[in-house]
Participant: 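Pasting a structure below so you can have a look.
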Amino acid sequence: MILLIPTAVIFVASFEGGSTVSFPPDSLSLYWYSQIPYQTEFIDAFVRSIQVATISTLVGIPVGTLASYGMIKYDIRWRNPLQIYLLLPFMIPLVVSGIIFTTIFGQLQIYGDTWTIGLALTIINLPFMLWSVNSRVNAIDKETENAAKNLGAEELQTFVYVTFPKLLPGIITGALIMFTLGLNEFVVSLLITTRDTVTLPVMLYTAIRSDISPLIAAIASIYILIAIVAVLAVDKVASLEDFLKS
């Protein structure tokens, strides 16, 4: 519960009726929430956040699903080193990852493009997709797949009609987690975005460096609510407790 205190403070402060943030608010008002639709820079940044999170998720789904299924299903040489390699983005500090992406994208002259930001977020968040799908792959009854093959189903047919439906909850869970993390990612985005491709977390950080206003608190509160809805969606599709145990 202690971890929720900063979030609760921001949420309550967003209802401040004056022009300066205070806690508790001197007066309660929805004025700053009504001003959000007129903040075009923040809305554009939010749209870009949605775009990079979507790119990250769409790339992560096939890569994470096929990698997870292939490494467990088939006898792949150097499987353990490959698994460690795929999990490296989770082990490397985000600021180091950001510097690496900045260097690589700069050398390739693709620095600051929206799709490159999405690709970077795919790489650093891919381990969550791998873990999510792995939990479903390990739960598949191999006898079901064998029964399908014995009835004449080919390898691809078995995967599409038998295996994939069993993997789907894990895929959806991993996709929602990747989307949520991509939507809220700050450290790497701070290093690889430009003025034209800045995402909302980076813009919020830039804004509070000069002035902490109730408007910023209101925008942050909306952003927090969107993240909460995404987490609840994950828990609805597949229990978070089961996912964390996997």
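Values below: every heavy atom of this structure, side chains too, minus hydrogens, waters and symmetry copies. Keep in mind the model is a prediction, meaning the values are calculated, not measured.
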Participant: Output all residues satisfying side-chain contact (heavy atoms from CB on, under 4.5 Å) with D113, sequence neighbours left out; order by chain, then residue number.
Facilitator: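 If we apply the side-chain contact (heavy atoms from CB on, under 4.5 Å) test to D113, skipping adjacent residues, the hits are I110, W115, T116.
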
Participant: What's the separation between atom CD in Q51 and atom CG in D44, rounded to the nearest 0.5 Å?
Facilitator: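 Output value for this atom pair is 9.5 Å.
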
Participant: Check whether any side-chain heavy atom of L126 sits under 4.5 Å from a side-chain heavy atom of V63, and report yes or no.
Facilitator: yes

Participant: Applying side chain to side chain donor-acceptor pair (under 3.5 Å), name anything that partners Y111, two or more places apart in sequence or on another chain.
Facilitator: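 Side chain to side chain donor-acceptor pair (under 3.5 Å) check on Y111 returns nothing, list empty.
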
Participant: Name all residues meeting the side chain to side chain donor-acceptor pair (under 3.5 Å) criterion together with S68; count only those two or more places apart in sequence or in a different chain, and write none if there are none.
Facilitator: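 So S68 forms a side chain to side chain donor-acceptor pair (under 3.5 Å) with N134.
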
Participant: Excluding sequence neighbours, so at least two apart, what forms side-chain contact (heavy atoms from CB on, under 4.5 Å) with I222?
Facilitator: Y33, I36, I226

Participant: Kindly write out the residues that satisfy side-chain contact (heavy atoms from CB on, under 4.5 Å) with P93, not counting sequence neighbours, or none if the list is empty.
Facilitator: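 Checked P93 against side-chain contact (heavy atoms from CB on, under 4.5 Å); matches are V95, V96.
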
Participant: Going from CD1 on I55 to CD1 on I50, what distance comes out if it is rounded to the nearest 0.5 angstrom?
Facilitator: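 Nearest 0.5 Å value for the CD1-CD1 distance: 11.5 Å.
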
Participant: Let me check something: any side-chain donor-acceptor pairs from residues 197-205 under 3.5 Å, sequence neighbours excluded? List them with distances.
Facilitator:
{"residue": "T197", "atom": "OG1", "partner": "G112", "partner atom": "O", "Å": "3.1"}
{"residue": "T197", "atom": "OG1", "partner": "T194", "partner atom": "N", "Å": "2.9"}
{"residue": "T197", "atom": "OG1", "partner": "T194", "partner atom": "OG1", "Å": "3.1"}

Participant: Could you tell me the separation between the CD1 atom of I172 and the CG atom of L168, rounded to the nearest 0.5 Å?
Facilitator: 4.0 Å

Participant: Between F46 and Y38, is there shared hydrophobic-cluster membership here, with clusters defined by ILVMFWY side-chain heavy atoms closer than 4.5 Å?
Facilitator: no

Participant: Report whether I192 and V47 are members of the same hydrophobic cluster (ILVMFWY, side-chain heavy atoms less than 4.5 Å apart, transitive linking).
Facilitator: no

Participant: Quick check: are there more than 12 heavy atoms from other residues, nucleotides or ligands sitting under 6.0 Å from CD of Q35?
Facilitator: yes

Participant: Mark yes or no for whether S132, through its side chain, and G170, through its backbone, hold a donor-acceptor pair below 3.5 Å.
Facilitator: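 Side chain of S132 to backbone of G170, a donor-acceptor pair under 3.5 Å: yes, one is there.
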
Participant: If you measure from CG on L215 to CD on Q39, what distance do you get to the nearest 0.5 Å?
Facilitator: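 It is 4.5 Å, given to the nearest 0.5 Å.
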
Participant: Measuring from atom CD1 of I99 to atom CD1 of I92, what distance do you get when rounded to the nearest 0.5 angstrom?
Facilitator: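 Answer for the CD1-CD1 pair, I99 versus I92, is 11.5 Å.
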
Participant: Is it possible for you to say whether L66 and V59 belong to one hydrophobic cluster, with membership spreading through side-chain heavy-atom contacts below 4.5 Å?
Facilitator: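 In one cluster with L66: V59, no.
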
Participant: Which pairs count as side chain to side chain donor-acceptor pair (under 3.5 Å) when at least one residue sits in residues 86-105, sequence neighbours excluded?
Facilitator: none

Participant: Between I124 and L121, is any pair of side-chain heavy atoms under 4.5 Å apart?
Facilitator: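 The answer is yes; the side chains approach within 4.5 Å.
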
Participant: Aromatic rings F101 and F105: how do their planes relate, parallel, tilted or perpendicular, breaks at 30° and 60°?
Facilitator: parallel

Participant: Please enumerate all residues that pass side chain to side chain donor-acceptor pair (under 3.5 Å) together with S189, with sequence neighbours excluded.
Facilitator: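 With sequence neighbours excluded, S189 shows a side chain to side chain donor-acceptor pair (under 3.5 Å) to E185, given in chain and number order.
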
Participant: Does one hydrophobic cluster hold both L58 and I171, with members joined at side-chain heavy-atom distances below 4.5 Å?
Facilitator: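 No; tracing contacts between hydrophobic side chains, which count when under 4.5 Å, never links both residues.
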
Participant: Between S56 (side chain only) and V52 (backbone N and O only), is there a donor and an acceptor less than 3.5 Å apart?
Facilitator: no

Participant: Just jot down the ring pair (Phe, Tyr, Trp, His ring centres under 6.0 Å) partners of F42, sequence neighbours excluded, or say none.
Facilitator: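 Once residues adjacent in sequence are excluded, F42 has no partner under the ring pair (Phe, Tyr, Trp, His ring centres under 6.0 Å) criterion.
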
Participant: Could you tell me which residues satisfy ring pair (Phe, Tyr, Trp, His ring centres under 6.0 Å) with F179, sequence neighbours excluded, listed by chain and number?
Facilitator: none

Participant: Kindly compute the distance separating CG (L190) from OG1 (T193), expressed to the nearest 0.5 Å.
Facilitator: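 Reported to 0.5 Å precision, the distance equals 6.5 Å.
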
